[in-house]
Each structure stands twice: as C-alpha cells, then as structure tokens.
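Okay, structure first, notes after.
The analysis underlying the following values was restricted to heavy atoms, covering all of them including side chains, and did not include hydrogens, waters or symmetry mates.
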Amino acid sequence: MLDEFKEFIARGNVMDLAVGVIIGGAFGTIVSSLTDDIIMPIVGAIFGGFDFTNYFIPLSSNVTAGSLAAAREQGAVLAYGSFITVVLNFLILAWIIFLMVKGVNRLRRKKAEAPAVPEAPPADVQLLTEIRDLLSQRR
C-alpha cells in the first residue's frame with residue numbers, strides 16, 4: 001500500500017495539482033489586495049465614499065455599532081458588504097484567469113498553425129535531382 005501511495009504521489013498530475021493549488025493560494029492573496037487596496041477605494045470614491053466592508057444588517061437589537069468589526073462583537077450581523085467584496089474578488093480572479101487561458105490558447109494556436117519546415121530530401125535523392133537538372137539543361 002505504501003508503494004502504491006508513493007507511485008500515486010510521484011505522478012506528474014498530482015504534482016501539477018499541488019503546484020497549482022499553492023500558486024492559486026498566493027494569487028488569491030494578490031487579488032484580495034488588488035480588490036481591497038486599489039479597486040474598492042476607487043469604487044468608494046466614485047460612488048460617494050462607499051465602503052462595502054462595513055455594510056451590514058444587525059440581526060440583534062443589541063447591535064448599535066457603526067463598523068462591522070464592532071458590530072460583530074455586539075451580536076449577530078448579516079455582513080452583506082463583505083459578501084459583495086468577496087464576489088468582486090472572485091469576478092476579478094475569474095477574469096484574470098480567463099485572460100491568461102485565452103493568451104495561452106492563442107500561443108498554442110499560433111504554434112500549431114506555423115507551417116512545418118519540410119525536411120531536406122536524402123543525399124541520394126538530391127544527387128539524382130541535380131543530375132536530372134544537368135541533363136535537362138544539355139538538351
């Protein structure tokens with residue numbers, strides 16, 4: 001069983017998947033920063049200072065705070081602003097991945113469409129072709 005497990009782990013697909021998960025996690029952090037630190041402040045400035053992260057609906061009468069962090073300490077809240085931010089993160093990530101896949105597919109198509117360079121004929125065929133051409137010039 002241990003040998004089978006080693007064989008399974010050593011397969012290329014499993015290693016590719018592991019690398020993809022690690023890179024995806026790091027890329028998710030970059031997209032979160034892009035959304036939280038760059039896009040959402042711009043959206044907030046355009047729409048009059050909106051800060052989606054602090055949009056919530058109190059589910060308890062004890063919640064009177066103005067910020068989401070303080071409201072969560074006071075009781076249950078429905079944090080729809082955080083949900084909007086997460087959805088925007090997802091859409092941005094999906095768009096970037098779509099553009100990356102589209103670019104890779106374009107490169108693959110160009111490589112496949114490139115005409116193959118015909119191989120040179122063998123030396124004996126070249127020699128016979130030259131002899132034929134010389135004989136046709138003599139006539």
Side-chain angles (χ1 to χ4, degrees):
M1 183 184 253
L2 186 59
D3 289 336
E4 282 184 68
F5 181 71
K6 287 179 184 177
E7 181 182 340
F8 171 75
I9 293 297
R11 285 186 186 161
N13 294 343
V14 174
M15 298 307 269
D16 292 343
L17 179 62
V19 168
V21 168
I22 292 168
I23 296 293
F27 192 66
T29 305
I30 292 170
V31 171
S32 293
S33 176
L34 174 70
T35 305
D36 296 340
D37 301 331
I38 296 173
I39 294 174
M40 295 309 286
I42 292 171
V43 170
I46 291 171
F47 291 106
F50 284 169
D51 181 10
F52 291 115
T53 57
N54 283 319
Y55 281 14
F56 62 91
I57 298 172
L59 298 177
S60 169
S61 59
N62 297 337
V63 177
T64 58
S67 72
L68 180 60
R72 283 184 170 158
E73 291 176 7
Q74 292 177 347
V77 294
L78 183 68
Y80 67 91
S82 294
F83 178 73
I84 291 171
T85 301
V86 170
V87 169
L88 285 174
N89 283 347
F90 171 77
L91 291 175
I92 292 167
L93 180 64
W95 179 251
I96 291 171
I97 290 173
F98 167 74
L99 292 176
M100 288 171 39
V101 169
K102 184 176 177 179
V104 168
N105 287 342
R106 183 180 297 140
L107 288 175
R108 285 184 181 167
R109 269 188 249 126
K110 283 184 182 179
K111 186 185 262 186
E113 291 173 1
V117 178
E119 291 184 23
D124 58 343
V125 174
Q126 282 181 338
L127 183 60
L128 289 171
T129 304
E130 289 175 14
I131 293 171
R132 180 199 66 204
D133 292 342
L134 288 173
L135 288 174
S136 66
Q137 288 177 357
R138 284 187 158 185
R139 290 184 186 173

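Here Asp3 contributes atom CG and Met1 contributes atom CE; the two are 11.5 Å apart, rounded to the nearest 0.5 Å. To the nearest 0.5 angstrom, Trp95 atom CH2 is 14.0 Å from Met100 atom CE.
One N or O on the side chain of Thr129 and one on the backbone of Val125 form a donor-acceptor pair closer than 3.5 Å. In this structure a side-chain-to-backbone donor-acceptor pair under 3.5 Å is missing from Ser33 to Ile30.
With contacts defined as side-chain heavy-atom distances shorter than 4.5 Å, the pair Val77/Leu59 does not qualify. Between Ile84 and Tyr55 there is no side-chain heavy-atom pair separated by less than 4.5 Å. At a threshold of 4.5 Å between non-hydrogen side-chain atoms, the residues Phe27 and Ile96 count as touching. Within the 4.5 Å cutoff, the side chain of Leu68 has heavy atoms near those of the Arg72 side chain.
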Which is it for Tyr80 and Ile57 under the side chain to side chain contact (heavy atoms under 4.5 Å, CB included) test, yes or no, and what are the steps along the way? CA-CA 8 Å; Tyr80 67 91; Ile57 298 172; 3.7 Å; yes

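Put simply, Leu135 and Leu127 are part of the same group of oily side chains (I, L, V, M, F, W, Y) that touch within less than 4.5 Å, one to the next. Under a hydrophobic-cluster definition in which Ile, Leu, Val, Met, Phe, Trp and Tyr are linked whenever side-chain heavy atoms come within less than 4.5 Å, directly or via other members, Ile46 and Ile38 are assigned to the same cluster. Hydrophobic clustering places Ile42 together with Leu34 (ILVMFWY residues linked when any side-chain heavy atoms are closer than 4.5 Å, directly or through intermediates).
Nearest heavy-atom pair across Phe56 and Ala79 is CB-CA, 4.0 Å. Across all non-hydrogen atoms, the minimal contact from Ala65 to Ala70 is CB-CB, 3.5 Å.
Around CZ of Phe90, the count of heavy atoms belonging to other residues, nucleotides or ligands within 6.0 Å does not exceed 12.
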